[in-house]
Amino acid sequence: MAVALEVLNALGSKHDFCTESTTHDVGGIGIDNHGEALPSSTLSACEQADAILFGSVGGPKWENLPPKEQPERAALLPIRKAFELFANLRPGNLYPELADLSPLRPQTVANGIDVLCVRELTGGVYFGQPKRTETLENGELEAIDTMVYRSGEIERIIEIAVRAASLRGGKICSVDKANVLETSVLWRKIVTERVRELDDSIELSHMYVDNAAMQLVRDPNQFDVLVTENMFGDILSDELAVICGSLGMLASASLGTGKNSMDLPFGLYEPAGGTAPDIAGKGLANPCAQVLSAALMLRYSFGLEEAAASIEQAVKETIRAGFRTGDLAQGGESVGTGEMGQAILERLT
Ligand code: IPM
Ligand code: MG
């Protein structure tokens, strides 16, 4: 996060803007300092802001808490819900320079990967009610989660996917399990209707999630924009992350229904990889995902496309110049977080 804030500051003077940021506890440190993973002071600071640049929230120290109190479930899910952050954009980019890091066959990834995963983030089985565990009369335990989608929730996520696709390759693959799930049957129907209404030129296809998981490893570049419901997106976006080489490179944007003071989408921007507790505090983490998340923030919540592109270019140049944090080094020579950050800063234009 320190690197990302430095990048924002340095870039401001070059592109004539100024970001003002305040820092607040969330996740594990929220539990330690305030007794809750999402302290109300943090939530109200977020309400005052134009965007949230989010760090990472978990760690072994809190792993033995009851599941409902763990940082991920008690901070990440409620903050998404509080701001109705329904659209999660996870760009899967593999630079050709890092093709060696992908577990896929060299010929499959020689030219890199460029796929955008659009995940519905506030509906489906993660939020549906009822959600509970109870003891039955015969003494057995029974747990229930509920997968539920309304047409409006599907419409708004598909609108985001259409907008994203029209700025890229113009192709959308919608992923569901319509051969089994009611929610997926509705999903497919709404997606089909809405895409036709919004933009006839979009090339729309549908794929069952099991097949999509397989196609992603077989030939990821057959996809341009993948759009899917919450849990499928959770799973497929991790798959996309690993075929792109390292979780340390993956940024994400979660856009809400609300607008900020500039009349642009309010959003939360976070690295998609989560914490790396084994290296926490050692100055070894790859800062790229956080820095690239800041770029997405400038693009979507501040309307600063040029500045966003400048960050993305600087990260690309840094990789091209051979800088590698431990996660990217494959046992070769590596640099720490600070040095990687410095290399990015020097390449900002
Ligand atoms: C993610 C994470 C979260 C999710 C967890 C930590 C609740 O896996 O952002 O993908 O499932 O959404
Ligand atoms: Mg996940």
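Note that ligands are numbered from 1 as they come in the structure, with each ligand's atoms numbered from 1 the same way. We're numbering straight along the sequence, starting at 1. Here the structure is a predicted model, which means the values were calculated and not measured.
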Review point. Looking only at protein heavy atoms, which one is nearest to atom 10 (O) of ligand 1, and how far off is it?
Key: Asp234 OD1, 2.9 Å
Point to revise | Qualifying residue, where the test is side-chain contact (heavy atoms from CB on, under 4.5 Å) with Asn88 and the options are Ile160, Leu121, Thr122 | key: Leu121
Review point. With the 4.5 Å side-chain cut-off for hydrophobic clustering, are Leu250 and Leu298 part of the same group?
Key: no
Revision key, fill the gap. the protein heavy atom lying closest to atom 7 (C) of ligand 1 turns out to be Leu77 CD2, 4.0 Å
**Study point:** Residues that Ser151 engages under side chain to side chain contact (heavy atoms under 4.5 Å, CB included), provided they are two or more places apart
**Key:** Glu155, Ile190
Revision key, fill the gap. Any heavy atom of Arg119 under 4.0 Å from ligand 1? The part involved is side chain
Review point. Only one of Cys288, Ser56, Pro287, Ser252 forms a side-chain contact (heavy atoms from CB on, under 4.5 Å) with Pro271, so which one is it?
Key: Ser56
Practice item. Look at atom CZ of Arg196 and say whether more than 12 heavy atoms of other residues, nucleotides or ligands are closer to it than 6.0 Å. Key: no
Review point. Counting from 1, what ligand 1 atoms have a heavy atom of Tyr126 closer than 4.0 Å?
Key: 11 (O)
Review point. Quick one: hydrophobic cluster around Leu76, which other residues, with the 4.5 Å side-chain cut-off, linked directly or via members?
Key: Val26, Leu38, Leu43, Ile52, Phe54, Val57, Ile79, Phe83, Leu85, Phe266, Leu268
Exercise for review: Give the contacting part of Arg90 toward ligand 1: side chain, backbone, both or neither, where contact means a heavy-atom distance below 4.0 Å.
Suggested key: side chain
Exercise for review: Any side chain to side chain donor-acceptor pair (under 3.5 Å) involving residues 336-347? Give me the pairs, sequence neighbours left out, ordered by first then second residue.
Suggested key: none
**Study point:** Region of Glu270 that comes within reach of ligand 1 [heavy atoms, distance under 4.0 Å]
**Key:** neither
Revision key, fill the gap. Between Glu97 and the options Arg324, Lys316, Arg320, the salt bridge (charged side-chain N to carboxylate O under 4.0 Å, His left out) test singles out Arg320
Point to revise | Distance filter under 4.0 Å to Glu72 heavy atoms, resulting ligand 1 atoms | key: 6 (C)
Check your understanding: Distance below 2.8 Å from the Mg ion (ligand 2): how many protein N/O/S atoms qualify?
Key -> 1
Check your understanding: Is the backbone N or O of Thr257 less than 3.5 Å from a side-chain atom of Arg156, with the two atoms forming a donor-acceptor pair by type?
Key -> no
